[in-house]
There are 2 protein chains.
Amino acid sequence: MGVRDTDTTLAGRVRSADTDTMCPERLVLEHVTSRWGALVLIALLDRSYRFSELRREIGTVSEKMLAQTLQTLERDGLVHRDAKPVIPPRVDYSLTDLGREAAEQVRALSLWVAQRMAAVRKAREEYDAAKA
Amino acid sequence: MGVRDTDTTLAGRVRSADTDTMCPERLVLEHVTSRWGALVLIALLDRSYRFSELRREIGTVSEKMLAQTLQTLERDGLVHRDAKPVIPPRVDYSLTDLGREAAEQVRALSLWVAQRMAAVRKAREEYDAAKA
DNA sequence: CAGCATCCCCATCGATACTG
DNA sequence: CAGTATCGATGGGGATGCTG
């Protein structure tokens with residue numbers, strides 16, 4: 001998940017020039033369904049979180065990826081960042097109205113996957129069996 | 001994403017997947033929201049497609065990635081592959097009932113993104129302006 | 001036509017160290 | 001506490017060539 005779209009590398013220029021394959025809608029879809037993006041959005045549906053709280057809640061995300069994910073979601077207007085001017089620093093993250101809409105969609109999709117997981121597993125077994 | 005009673009949120013599920021790569025739910029979510037997976041599912045909502053038709057319809061997908069995507073979706077029980085024993089080969093791809101459910105979720109998410117794209121763009125401009 | 005096999009680049013992500 | 005900076009390896013995926 002790229003934080004900046006103004007990247008001047010060769011790959012970046014090629015990609016941003018190719019609006020057919022990497023349309024902006026696709027990028028947003030990627031931001032909300034990406035590994036950490038989805039987990040962050042779903043977590044924030046419950047309540048707001050501080051940075052480290054979120055990190056513990058998700059459990060396996062690196063500091064770097066969490067920061068990057070939150071910045072991307074904030075830039076898209078899905079997450080609100082509230083940095084309080086205190087020592088030690090305290091930053092609260094919450095969903096915007098837009099972000100709540102996105103998070104609910106993502107949660108619905110996640111719940112669907114969970115509900116249908118048994119069917120998927122069965123399909124896989126049959127597929128693998130038919131191959132052998 | 002599945003919620004076990006002993007673990008109300010996300011951390012435990014991801015953590016328990018450390019033995020492998022990630023939890024199976026996450027993998028399925030990735031299959032249906034991946035770049036080519038989402039496009040394939042949405043295309044197949046309209047009608048069944050032959051391999052090359054699908055390739056032209058999506059426009060920028062490589063042969064390799066389309067084949068790979070279709071196999072993954074077929075293995076998950078979302079896509080049905082109908083290979084007719086004729087020369088030259090003819091293979092039709094269509095959605096299973098399970099796949100149709102997934103495709104509708106993905107389409108809903110895509111439509112939401114499209115609808116809210118203006119708001120996202122505005123949020124980005126404000127974010128970028130505030131940074132400069 | 002509908003793929004599979006191979007090579008290889010480089011973007012993504014984890015790990016580590018550092019800072020206000 | 002809440003990040004930023006840097007580096008290395010891992011693997012996704014495009015390009016190409018071949019097959020039934």
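- Where R90(A) and K64(A) meet DNA chain D, the nucleotide closest to each residue was compared, and R90(A) sits on the side nearer the 5' end.
- When the side-chain hydrogen bond (donor to acceptor under 3.5 Å, both in side chains) test is applied to E74(B), no partner is found at least two apart in sequence or on another chain.
- Here dC1(D) presents its P atom at 16 Å from CG of L70(A), a figure rounded to the nearest Å.
- The distance from atom CG of D82(A) to atom C1' of dC1(D) is 15 Å, rounded to the nearest whole Å.
- A close approach under 4.0 Å does not occur between any side-chain nitrogen or oxygen of Q71(B) and OP1 or OP2 of dG3(C).
- Under the side-chain hydrogen bond (donor to acceptor under 3.5 Å, both in side chains) criterion, H31(B) pairs with D76(B), not counting sequence neighbours.
- Atom CG in L39(A) sits roughly 13 Å away from atom P in dC13(C) (whole-Å rounding).
- Nucleic acid contact class of E30(B) (heavy atoms, under 4.0 Å, all strands): none.
- Of the side-chain N and O atoms in R81(A), one or more sit less than 4.0 angstrom from OP1 or OP2 of dG3(D).
- A donor-acceptor distance shorter than 3.5 angstrom exists from the side chain of T96(B) to the backbone of G77(B), with no hydrogens or angles considered.
- Residues D128(B) and R75(A) are paired through a salt bridge, judged by an N-O separation under 4.0 Å between the basic side chain and the carboxylate.
- Between the CE atom of M65(A) and the C1' atom of dT12(C) there is a distance of 7 Å, given to the nearest Å.
- Phosphate proximity of dG3(C) to Q68(B): absent, as no side-chain N or O sits under 4.0 Å from OP1 or OP2.
- Taken residue by residue, residues 51-59 of chain B places heavy atoms nearer than 4.0 Å to DNA chain C at F51(B), S52(B).
- For the pair Y93(A) and dC1(D), the criterion of a side-chain N or O lying under 4.0 Å from OP1 or OP2 is not met.
- Each of R35(B), R55(B), Q68(B) was evaluated against V61(B); a single residue qualifies, R55(B), per the side chain to side chain contact (heavy atoms under 4.5 Å, CB included) test.
- Rounded to an integer number of Å, the gap from CG of L27(B) to C1' of dG12(D) is 15 Å.
- Map E63(B) and V91(A) each onto its nearest nucleotide of DNA chain D; the residue landing nearer the 5' end is V91(A).
- When the P atom of dA2(D) is taken as reference, atom CG of D92(A) falls 8 Å away, rounded to whole Å.
- For P89(B), whose side chain is taken as the heavy atoms from C-beta onward, the closest listed nucleotide among dG14(C), dG14(D), dA2(C) is dA2(C).
- In this model, a donor atom of one side chain and an acceptor atom of the other lie less than 3.5 Å apart for Y93(A) and R81(A).
- A straight line from NZ of K84(A) to P of dG3(D) spans 13 Å, rounded to a whole angstrom.
- Look at R50(B) and you'll find a side-chain N or O under 4.0 angstrom from OP1 or OP2 of dA2(C).
- The interatomic distance linking L66(A) (CG) with dT12(C) (P) rounds to 18 Å, in whole Å.
- Surrounding CG of D46(B) are more than 12 heavy atoms belonging to other residues, nucleotides or ligands, all under 6.0 Å away.
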